[in-house]
Amino acid sequence: MRPLPHPVRPRPLRRPVKWDLPDAASLSRAAYSGWACVFCGASLATTGGVSVGRAEGRSGVHDLSVEVYACPPLTGCGPRRISTVHPWTE
C-alpha cells in the first residue's frame with residue numbers, strides 16, 4: 001500500500017457570513033414558514049434550504065421572530081438555479 005503523496009490537513013475555518021435579514025413582519029407567508037428562500041422567494045421544496053439566521057420582529061407584545069432559510073450555496077438564488085426549461089418560460 002502506497003502512502004498518500006501529501007499530508008491531509010484540515011481546511012481553515014471560515015468566518016460565518018452576516019446576512020442583512022428582513023424584518024419578520026415583512027416576510028411572505030412562504031418565507032416565514034420556511035417553504036421559500038428569504039432572499040429570492042424560490043421554493044425550497046426540492047433543493048432544501050440552509051439556515052441563514054433569525055428574522056426578528058414584534059407585533060405589539062407578540063414576538064414574531066422566526067428562523068429563515070435560503071437556497072443552498074451551490075444552487076444559487078433566483079431563476080438561474082432552475083435547470084429545466086419549460087415551454088411557457090421561453
Side-chain angles (χ1 to χ4, degrees):
M1 184 179 241
R2 291 180 166 175
L4 294 174
H6 301 288
V8 178
R9 295 183 202 155
R11 291 184 181 184
L13 295 175
R14 295 181 181 174
R15 291 184 179 170
V17 177
K18 178 71 174 165
W19 299 98
D20 292 327
L21 298 174
D23 186 50
S26 65
L27 294 174
S28 67
R29 172 71 173 134
Y32 189 85
S33 299
W35 303 331
C37 174
V38 70
F39 300 117
C40 70
S43 173
L44 300 175
T46 57
T47 60
V50 180
S51 175
V52 290
R54 191 166 176 82
E56 302 291 330
R58 296 190 77 79
S59 177
V61 297
H62 304 285
D63 184 16
L64 301 176
S65 301
V66 65
E67 187 170 3
V68 290
Y69 299 90
C71 297
L74 297 178
T75 61
C77 269
R80 68 173 182 248
R81 74 189 199 103
I82 301 172
S83 60
T84 57
V85 177
H86 300 290
W88 59 86
T89 60
E90 292 179 340

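- Checked by atom type and distance alone, the side chain of S33 never pairs as donor or acceptor with a backbone atom of W35 at under 3.5 Å.
- Considering every non-hydrogen atom in both R54 and E67, the closest pair reads NH1-N, 3.9 Å.
- Taking the side chain as every heavy atom from C-beta outward, P22 and V38 approach each other to under 4.5 Å.
- F39 and D20 get closest at one heavy-atom pair: CE2-O, 4.2 Å.
- With S59 contributing its side chain and H62 its backbone, the two residues share no donor-acceptor pair below 3.5 Å.
- Here the shortest heavy-atom pairing between D23 and G57 reads OD1-CA, 3.6 Å.
- C37 and A31 make their closest contact through O-CB, 4.4 Å (heavy atoms, listed as atom of the first residue, atom of the second, distance).
- The minimum heavy-atom distance linking V68 with A55 is given by the pair CG1-CB, 3.9 Å.
- Remark: S26 OG to L64 CG distance equals 10.5 Å, nearest 0.5 Å.
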